[in-house]
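Sharing a structure below in structure tokens format, with a few things to ask.
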Protein chains: 2
Amino acid sequence: MPRASRVTIRDVAFEAGLAVSTVSNALAGKDCVREETRRKVVDIAVRLGYRPSALARSLRSGRSLTMGVLVSDVSNPALVDYVRGVDDVAVREGFTILLGNTDERIEKQVAQMKTLIDHEVDGMVLISQHTEGKEVRELLKIVPYVFIQRRSPHFVDDYVGGDNAASTRKALTYLHELGHRRIGIITGPTASSTAMERLAAYRACVDDLGFDRDEDLVVYGDYDLDAGRRGMHRLWSLPEPPTAILASNDICALGVQDAALELGVSIPDQLSLCGCDDISLAGLRQIDLTTTHMPKRRIGTAAAELLLGKIEQGPNLPPQEIIIPGDLVIRSSCAAPRAKRRRRRAAAAPVAAE
Amino acid sequence: MPRASRVTIRDVAFEAGLAVSTVSNALAGKDCVREETRRKVVDIAVRLGYRPSALARSLRSGRSLTMGVLVSDVSNPALVDYVRGVDDVAVREGFTILLGNTDERIEKQVAQMKTLIDHEVDGMVLISQHTEGKEVRELLKIVPYVFIQRRSPHFVDDYVGGDNAASTRKALTYLHELGHRRIGIITGPTASSTAMERLAAYRACVDDLGFDRDEDLVVYGDYDLDAGRRGMHRLWSLPEPPTAILASNDICALGVQDAALELGVSIPDQLSLCGCDDISLAGLRQIDLTTTHMPKRRIGTAAAELLLGKIEQGPNLPPQEIIIPGDLVIRSSCAAPRAKRRRRRAAAAPVAAE
DNA sequence: TCCGACGATAAAAACGATTTTAGAGGCGGT
DNA sequence: ACCGCCTCTAAAATCGTTTTTATCGTCGGA
């Protein structure tokens with residue numbers, strides 16, 4: 001099956017009556033070739049429809065203008081915006097993206113990383129991926145990389161993420177002002193540094209703001225609908241249920257809403273709910289979720305830019321951590337708790353929705 | 001920045017005291033090399049951590065084990081499942097995916113297609129992309145491809161999509177049985193063959209099932225929230241509004257729900273609503289949308305498999321169109337219209353939700 | 001003994017570019 | 001007249017593979 005053979009630089013050279021190297025230099029805009037010659041070469045190249053083979057070029061030059069993007073699942077709505085952000089700067093800088101799904105499984109991640117390296121990507125962006133493991137660490141030595149949303153507790157890497165501590169604190173402060181003192185939390189997976197940072201911030205607030213300290217209010221969950229449903233059931237079956245819940249993200253919060261409807265619990269009358277991410281659906285009237293905005297696309301672009309810098313400068317410069325702040329978006333899923341709580345200050349601030 | 005130079009086949013050959021070609025043949029499992037030799041080679045290759053360069057291999061062999069995937073926006077929830085489906089079979093078959101966003105703009109699409117071809121992808125999957133245009137058509141001649149969700153009216157291509165006509169008809173039949181006779185439709189973009197097929201099926205049903213024939217009931221929209229909102233406003237401002245609405249997809253339907261809440265219109269009491277796709281959120285109690293299920297991930301896998309066949313067999317075999325059927329998923333967003341309509345048979349079937 | 005075949009390995013060509021080194025003229029300075 | 005330098009182009013090396021062709025014993029058969 002000899003596909004219509006491509007036009008090579010050789011053909012252009014022949015047509016122009018020049019050497020291959022001259023054509024190469026001409027097209028690269030090197031100043032060692034006369035302007036007139038250059039123009040002729042360009043003309044002919046265009047006329048013949050010459051397009052240089054990225055493969056051959058990469059092989060020789062050692063740079064592939066290619067970056068790998070690893071994500072646990074491209075169809076996961078909580079992650080796609082990062083990918084898009086990375087792509088934004090990739091195309092802007094003439095890079096092409098090699099995509100891989102890892103399904104949250106480390107052996108898949110390792111396999112994908114190897115594949116990317118085989119394809120000689122210039123760098124990789126790891127979105128919510130495993131940061132530990134001997135093999136992973138070994139592979140990370142080979143090629144520049146940036147982590148998004150998940151960072152290692154043991155190594156200091158290039159990393160871009162949201163300001164998890166601050167945004168959690170904002171949400172909790174808001175709930176505190178509304179008068180809540182008993183707040184449940186459904187965390188993301190324990191492997192997610194983002195989730196753990198939120199949990200840590202929650203715990204700090206329990207002390208700082210004087211919330212009920214009760215380990216039963218912490219449910220270890222995930223970033224999906226089911227975690228929200230299960231978390232809600234668990235928290236609501238407590239002897240003394242919380243008056244507000246912090247969900248791991250908006251999708252999880254939707255799961256909580258769903259379960260609340262199932263249990264006949266009214267939001268925000270009986271229960272306040274706060275998500276995280278601010279997905280576009282959160283603003284719908286049928287959902288109307290108070291949440292902390294995570295500028296994921298911007299995080300993606302920041303990560304890609306960081307990576308490109310890394311690629312440019314070589315592996316010498318020290319790892320950098322970039323934290324992108326996000327704000328609390330107040331909608332109607334939070335309200336003052338019903339007046340049956342025991343502490344003073346029934347409702348501090350009358351901040352309402354929208 | 002001479003990155004730690006990779007282990008090449010040359011190194012393996014030297015270590016084994018063999019010729020490069022022998023090593024290549026040994027690793028490829030060719031039978032022209034003694035089993036004992038082969039084992040030795042494999043041993044050494046593993047010991048040295050040899051990984052063949054995909055670039056060099058592709059360059060020489062003319063096959064890159066790579067496929068391009070073009071999508072208008074990876075962060076569009078209506079499209080991500082296709083991508084995931086394609087990826088499923090890609091990894092299974094040892095292919096790597098090159099991803100590109102085109103933002104629904106044909107010049108971006110052309111640019112991306114060129115990039116993919118420069119990278120010598122073995123084929124490409126075009127998800128909801130432009131099918132017309134001189135340049136697009138020219139590029140399609142170069143490399144095998146499969147369209148998903150959008151097909152050309154003028155050319156016959158390899159294509160995989162849902163059964164738009166049948167699923168639309170199912171929804172309309174269901175609404176007819178509930179007693180609806182005046183049904184609005186918010187279409188996807190006119191460039192989307194899928195949307196136009198649904199519209200055609202809608203028009204056929206208007207005749208077959210005896211719905212009100214009224215061009216005002218057709219709103220040309222898109223696949224997003226805003227199209228739903230605008231469509232609802234438009235339809236509800238009609239002198240005689242519809243009793244049911246068919247949305248272009250689930251996201252659009254969510255937009256309709258949102259606008260209905262804004263307008264104080266109760267679903268399904270005053271208005272029945274039917275989406276398309278069956279995204280996971282559609283099953284939530286706060287949404288609970290009746291919709292037609294589109295097995296997008298399966299469509300994606302089917303497309304990738306079709307493409308691989310195309311790559312294998314060469315461009316000789318004729319284009320194939322694969323239609324994947326989907327079923328109506330009945331939830332609570334549709335009900336019998338309020339008893340103020342003029343025709344006989346107030347409510348035919350008492351089919352209820354869930 | 002010679003020929004052909006065969007089995008195993010080696011050597012060389014090719015893939016399509018970039019990069020390095022070489023060469024050919026022209027020109028100015030001494 | 002010669003040297004060096006500069007400008008432009010050519011030739012060759014290189015990237016890391018695969019593929020094609022060559023080599024070299026050995027063995028069987030006539």
Side-chain angles (χ1 to χ4, degrees), chain A residues 1-42 44-45 48-66 117-122 142, chain B residues 1-41 44-45 48-66 115 117-122 142:
Chain A
M1 53 221 71
R3 205 196 290 160
S5 60
R6 69 162 48 226
V7 178
T8 102
I9 196 173
R10 207 174 218 99
D11 302 326
V12 178
F14 178 83
E15 188 74 11
L18 291 171
V20 167
S21 49
T22 308
V23 173
S24 175
N25 284 328
L27 292 178
K30 294 254 179 72
D31 50 356
C32 64
V33 44
R34 224 183 338 160
E35 180 55 23
E36 180 196 329
T37 311
R38 199 190 66 77
R39 247 200 293 274
K40 188 175 77 176
V41 168
V42 169
I44 294 178
L48 297 188
Y50 167 67
R51 308 219 94 223
S53 155
L55 256 40
R57 168 176 293 174
S58 305
L59 179 59
R60 172 62 232 220
S61 66
R63 302 197 53 198
S64 65
L65 290 182
T66 272
I117 289 169
D118 290 349
H119 283 269
E120 257 139 297
V121 292
D122 291 330
I142 301 179
Chain B
M1 59 220 68
R3 205 194 292 157
S5 60
R6 69 165 45 231
V7 177
T8 98
I9 196 174
R10 205 174 220 99
D11 302 327
V12 178
F14 177 82
E15 188 74 12
L18 292 171
V20 167
S21 49
T22 307
V23 173
S24 175
N25 286 328
L27 292 178
K30 294 254 178 72
D31 49 358
C32 65
V33 44
R34 221 179 346 154
E35 179 55 22
E36 181 196 331
T37 312
R38 199 190 65 78
R39 245 199 293 276
K40 187 176 76 176
V41 168
I44 293 178
L48 297 188
Y50 168 67
R51 308 218 93 220
S53 155
L55 256 39
R57 167 177 293 174
S58 306
L59 178 60
R60 171 64 231 218
S61 66
R63 303 198 55 198
S64 65
L65 291 182
T66 271
T115 302
I117 289 170
D118 290 349
H119 282 270
E120 258 139 294
V121 292
D122 291 331
I142 301 179

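Just so we're on the same page: letters track the sequence lines, and every chain starts at 1. If you're wondering where the values come from, they're calculated on a predicted model, not measured in any experiment.
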Exercise. Could you tell me whether A:Thr8 contacts a base, only the sugar-phosphate backbone, or nothing, with contacts defined as non-hydrogen atoms closer than 4.0 Å?
Key: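 Sugar-phosphate only.
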Quiz item: Along DNA chain D, 5' to 3', what are the outermost nucleotides having an atom less than 4.0 Å from a heavy atom of chain B?
Solution: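 Nucleotide range with atoms under 4.0 Å of chain B: D:dG16 to D:dT19.
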Quiz item: What does A:Ser53 touch in the nucleic acid at a heavy-atom separation under 4.0 angstrom: a base, only the sugar-phosphate, or nothing?
Solution: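 Result for A:Ser53 = sugar-phosphate.
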Quiz item: Tell me the side chain to side chain donor-acceptor pair (under 3.5 Å) pairs involving residues 8-22 of chain B, sequence neighbours left out?
Solution: none
Quiz item: Base, sugar-phosphate, or nothing: which does B:Arg38 touch, judged by heavy atoms less than 4.0 Å apart?
Solution: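 Nothing, no heavy atom under 4.0 Å.
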Quiz item: Which residue pairs pass the salt bridge (charged side-chain N to carboxylate O under 4.0 Å, His left out) test when at least one of the two sits in residues 20-29 of chain B, sequence neighbours left out?
Solution: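 For residues 20-29 of chain B: none.
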Practice problem: Write down the atom of A:Val33, the atom of A:Ala26, and the distance for their closest heavy-atom approach. | Solution: CG1-CA, 3.7 Å
Self-check item: salt bridge (charged side-chain N to carboxylate O under 4.0 Å, His left out) contacts touching residues 16-25 of chain A (sequence neighbours left out)
Solution: none
Quiz item: Which residues pass the side chain to side chain donor-acceptor pair (under 3.5 Å) test with A:Arg57, sequence neighbours left out?
Solution: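 If we apply the side chain to side chain donor-acceptor pair (under 3.5 Å) test to A:Arg57, skipping adjacent residues, there are no hits.
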Quiz item: Contact boundaries of DNA chain C with chain B (under 4.0 Å, heavy atoms), 5' to 3'?
Solution: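 Contact boundaries, 5' end first: C:dA8 to C:dG16.
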Self-check item: Under the salt bridge (charged side-chain N to carboxylate O under 4.0 Å, His left out) test, residues paired with A:Arg34 that sit two or more places apart
Solution: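 Listed in chain order: A:Glu36.
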Exercise. Have a look at A:Thr37 and say if it touches a base, only the backbone sugar-phosphate, or nothing, with a 4.0 Å heavy-atom cut-off.
Key: sugar-phosphate
Self-check item: Set of side chain to side chain donor-acceptor pair (under 3.5 Å) partners for A:Arg39, sequence neighbours left out
Solution: A:Glu35
Exercise. Could you list the residues that satisfy side chain to side chain donor-acceptor pair (under 3.5 Å) with A:Arg51, not counting sequence neighbours?
Key: B:Asp118
Self-check item: Relative orientation of the end axes in the helix from C:dT1-D:dA30 to C:dT30-D:dA1, expressed as an angle to the nearest 10° (five pairs per end)
Solution: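 About 70°, once rounded to a multiple of 10°.
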Exercise. Residues of residues 12-22 of chain B with any non-hydrogen atom less than 4.0 angstrom from an atom of DNA chain C: list those, numerically ordered, please.
Key: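 Contacts with DNA chain C under 4.0 Å: B:Gly17, B:Leu18, B:Ala19, B:Ser21, B:Thr22.
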Quiz item: Closest nucleotide of DNA chain C for A:Leu59 versus for A:Asn25: which of these residues is on the 5' side?
Solution: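 The 5'-side residue here is A:Leu59.
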Quiz item: At what distance, to the nearest 0.5 angstrom, does CG of A:Leu18 lie from CG of A:Asn25?
Solution: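 A:Leu18 CG to A:Asn25 CG: 11.0 Å, rounded to 0.5 Å.
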Exercise. Of all the heavy-atom pairs spanning B:Ser58 and B:Ser64, show the shortest one and how long it is.
Key: OG-CA, 3.3 Å
Quiz item: Can you list the residues that meet the side chain to side chain donor-acceptor pair (under 3.5 Å) rule with B:Ser53, with sequence neighbours excluded?
Solution: A:Glu120
Exercise. Give the minimum heavy-atom separation between A:Thr66 and B:His119, together with the two atoms involved.
Key: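 Looking at all heavy atoms of both residues, the shortest contact is OG1-CE1, 3.6 Å.
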Exercise. Would you indicate whether the side-chain heavy atoms of A:Tyr50 and A:Leu27 approach each other to under 4.5 Å?
Key: yes
